[in-house]
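Notes follow once the structure below has been shown.
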There are 2 protein chains.
Amino acid sequence: MKASAATSQPASGAAGGRRRRATLSREAIIEAALSVGSSEGGSALTFSRLGKELGADPTAVYRHFRDKDELVLALTNRMVEESVKRVQGVDPARVGWREWLRRVASSVRAVYLERPAVAVLAATRTTATPAETASVERLIAVLHHAGLGVVEAAEIYRGLLDLTLGMTQATAAFALLPAEVQEQDVKAWTVTYAMLPESEFPHVRQSVPRLAELNRDDDAVFELVLDTFLDGVQARIDRLGAAGR
Amino acid sequence: MKASAATSQPASGAAGGRRRRATLSREAIIEAALSVGSSEGGSALTFSRLGKELGADPTAVYRHFRDKDELVLALTNRMVEESVKRVQGVDPARVGWREWLRRVASSVRAVYLERPAVAVLAATRTTATPAETASVERLIAVLHHAGLGVVEAAEIYRGLLDLTLGMTQATAAFALLPAEVQEQDVKAWTVTYAMLPESEFPHVRQSVPRLAELNRDDDAVFELVLDTFLDGVQARIDRLGAAGR
DNA sequence: ACCTGAACACCGTTCAAGT
DNA sequence: ACCTGAACACCGTTCAAGT
């Protein structure tokens with residue numbers, strides 16, 4: 001458990017210079033929660049830690065949010081906004097639908113994994129905020145223009161997001177486990193799997209260096225899955241094109 | 001919060017007739033934990049609930065498991081065993097690699113979703129038990145025989161499992177949320193998204209009935225993703241075949 | 001040898017009391 | 001109007017005491 005650095009980012013839009021211990025506001029609480037949720041130690045987002053970060057009593061948060069769930073929804077919206085912002089300069093017409101989807105998915109994953117303790121709470125939630133609805137419209141539109149029917153485009157959008165958020169939540173949840181537990185998991189691949197008898201486990205033994213590598217690099221596994229999924233989308237589009245001719 | 005029915009399955013292998021309040025054993029505790037983890041109410045697996053199910057003091061579990069993590073690992077192994085058992089009658093040579101992988105992934109998902117409170121704890125863990133290692137060997141072998149190189153087969157195996165477990169963990173986590181919170185999420189699609197202005201959100205409006213449907217049916221989304229992923233694997237195999245000729 | 005029950009350091013949340 | 005701090009019903013875990 002390392003001490004979490006109290007590095008709150010400058011507020012977007014608000015005229016800066018917010019002091020610690022200043023009067024609480026939803027904005028200040030959201031910033032503090034994002035900061036607590038990104039702590040290296042990897043422990044959960046709690047009212048106690050949040051109060052410490054704010055320099056206030058833990059229960060003071062209840063003056064601004066009805067309960068923890070309302071805070072989680074506000075944090076989810078913030079991460080959606082941040083994800084959108086990171087790809088807003090990328091034009092799907094220029095880079096192509098495939099590369100654009102890759103970047104959208106990767107930026108969602110990156111934003112979430114920067115705050116694992118928030119990610120485990122946010123990944124499964126729907127906010128229906130402007131940032132989210134605009135993003136959904138955009139994704140379906142791009143898939144439609146790529147050659148899919150509108151409803152099929154919507155299906156692929158949903159699949160892509162569930163796939164991205166699901167795998168990201170799993171990575172975040174693992175990162176929050178105690179260090180000893182994580183090491184145990186690494187050892188399973190570098191020791192147990194590496195020492196399996198070659199006669200019974202020929203395929204495992206031949207690929208175990210790569211498997212151990214992938215076990216330490218969830219991002220690589222995610223990109224592999226993402227690329228394979230997009231290959232499948234491409235195949236679907238090609239099939240429609242062939243049938244339409 | 002509904003009362004969880006104390007329906008423990010008959011122990012596999014053991015000569016049946018175990019009584020409640022009998023002397024505790026790892027087996028009895030595992031069965032009780034699986035039962036608690038499958039409760040409809042959707043609340044977490046805790047020592048308190050486990051003790052009630054066993055008719056013993058909650059802390060009695062510590063006589064048989066070092067801590068909760070050791071229990072979780074034992075439960076993970078049980079679910080892996082159960083998943084393997086459900087497909088052991090299916091021969092990949094007969095149904096084809098694609099259909100076999102579909103069934104493997106679907107049975108893992110089904111077994112986990114029957115015990116959501118266990119699934120959220122188990123999905124990210126590696127046990128390195130015989131059931132798991134044998135399963136890994138089998139999966140890589142099947143993908144290799146389908147036409148992939150051994151290392152590439154291992155990569156696809158890993159991707160398929162992370163994809164399956166990640167999406168399943170997300171569904172399980174959502175199922176554990178309080179009922180009001182889940183309803184809120186449903187309403188986001190049937191109300192907020194359904195009422196978005198058509199001029200700004202033409203693609204959403206055209207597909208919103210299907211999106212609302214998918215939102216209530218995570219299994220359908222999973223199957224869509226799985227099929228699209230397997231299409232991508234197929235494309236990869238075709239490409240290798242063409243290059244090899 | 002195994003189980004019990006008090007205790008501890010945490011969780012989220014409520015509410016009366018402060019300013 | 002907003003914050004504090006005691007209190008409550010929970011968490012996992014430890015440990016002395018029981019049988």
Side-chain angles (χ1 to χ4, degrees), chain A residues 1 3-4 18-30 32-33 36-37 39 41-75 116-118 120-122 125 173 176-181, chain B residues 1 3-4 18-30 32-33 36-37 39 41-75 116-118 120-122 125 173 176-181:
Chain A
M1 259 177 259
S4 72
R18 177 188 310 109
R19 298 278 166 283
R20 312 267 262 98
R21 285 172 189 281
T23 311
L24 257 35
S25 67
R26 285 179 71 101
E27 261 303 301
I29 292 169
I30 289 172
V36 169
S39 76
S43 34
L45 174 66
T46 66
F47 280 82
S48 156
R49 272 185 265 264
L50 190 47
K52 216 166 283 172
E53 177 78 20
L54 288 162
D57 191 276
T59 64
V61 175
Y62 281 94
R63 292 298 116 213
H64 299 85
F65 293 92
R66 197 163 50 80
D67 54 20
K68 192 176 181 183
D69 195 65
E70 197 179 290
L71 210 208
V72 167
L73 248 24
L75 294 170
V118 181
V120 291
L121 303 173
R125 312 305 299 280
L176 291 182
L177 293 175
E180 322 88 68
V181 170
Chain B
M1 260 177 259
S4 71
R18 178 188 307 109
R19 299 279 166 281
R20 312 268 262 97
R21 284 172 191 281
T23 312
L24 258 35
S25 67
R26 284 178 72 100
E27 260 302 301
I29 292 168
I30 289 171
V36 169
S39 75
S43 34
L45 173 67
T46 67
F47 280 81
S48 157
R49 273 186 264 264
L50 190 46
K52 216 165 284 173
E53 177 77 16
L54 287 162
D57 191 276
T59 64
V61 175
Y62 283 94
R63 291 299 115 213
H64 299 86
F65 294 92
R66 198 163 49 81
D67 55 19
K68 192 175 181 183
D69 194 66
E70 196 179 292
L71 210 207
V72 167
L73 248 24
L75 294 170
V118 182
V120 292
L121 303 172
R125 311 304 300 279
L176 291 182
L177 293 174
E180 322 88 67
V181 170

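Sequence lines set the chain letters: A, B, ... in the order given, protein chains first and strands last, and positions in each chain run from 1.
Residues A/S48 and A/R66 both approach DNA chain C. Their nearest nucleotides, taken by heavy-atom distance, put A/S48 toward the 5′ side. Between B/K68 and B/R63, the residue anchored nearer the 5' end of DNA chain D, judged by the nucleotide with its closest heavy atom, is B/K68.
In terms of polar N and O atoms assigned as donor or acceptor, the side chain of A/T59 comes within less than 3.5 Å of the base of D/dG5 in a complementary pairing.
A 3.5 Å limit on both hydrogen-bonding distances identifies C/dA16 as the Watson-Crick or G-U partner of D/dT4. Look at D/dC11: it lacks any Watson-Crick or wobble partner with both distances under 3.5 angstrom.
Between B/R49 and the phosphate of D/dC10, there is no side-chain N or O to OP1/OP2 separation shorter than 4.0 Å.
Rounding to whole angstrom units, CZ of residue B/R26 and P of C/dC2 are separated by 13 Å. A/L177 has its CG atom 15 Å from the C1' atom of D/dG12, to the nearest Å. Computed from coordinates, the A/K52 NZ to D/dC3 C1' distance equals 18 Å when rounded to whole Å. One can place CG of B/D57 at 13 Å from C1' of C/dA7, the figure rounded to the nearest angstrom. Separating the CZ atom of A/F47 from the C1' atom of D/dT4 is a distance of 15 Å, rounded to the nearest angstrom.
Nearest heavy-atom pair across B/A28 and B/L54 is O-CD2, 3.8 Å.
In this structure, A/L50 reaches neither bases nor backbone, as no heavy-atom distance under 4.0 Å exists between it and the strands shown. Using a 4.0 Å heavy-atom cutoff across all strands shown, A/L45 reaches sugar-phosphate atoms only and no base atom.
For A/H64, the side-chain atoms get nearest to D/dC2 when compared with the rest of D/dC2, C/dG12, C/dT13. Minimum atom distance to the side chain of B/Y62 is reached by D/dT14, of the listed C/dT13, D/dC3, D/dT14.
Summarising the geometry, atom CD belonging to B/E53 is positioned 9.5 Å from atom OG belonging to B/S39; distances are rounded to the nearest 0.5 Å.
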**Asked** Going through the checks in order, is the side-chain contact (heavy atoms from CB on, under 4.5 Å) test met by A/E180 and B/D69?
**Response** CA-CA 11 Å; A/E180 322 88 68; B/D69 194 66; over 6 Å; no
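Side-chain atoms of B/R125 do not come within 3.5 Å of backbone N or O of B/V72 as any donor-acceptor pair.
Checking A/V61, A/L50, A/L121, A/L73 one by one against A/K68, the side-chain contact (heavy atoms from CB on, under 4.5 Å) holds for a single residue, A/L121.
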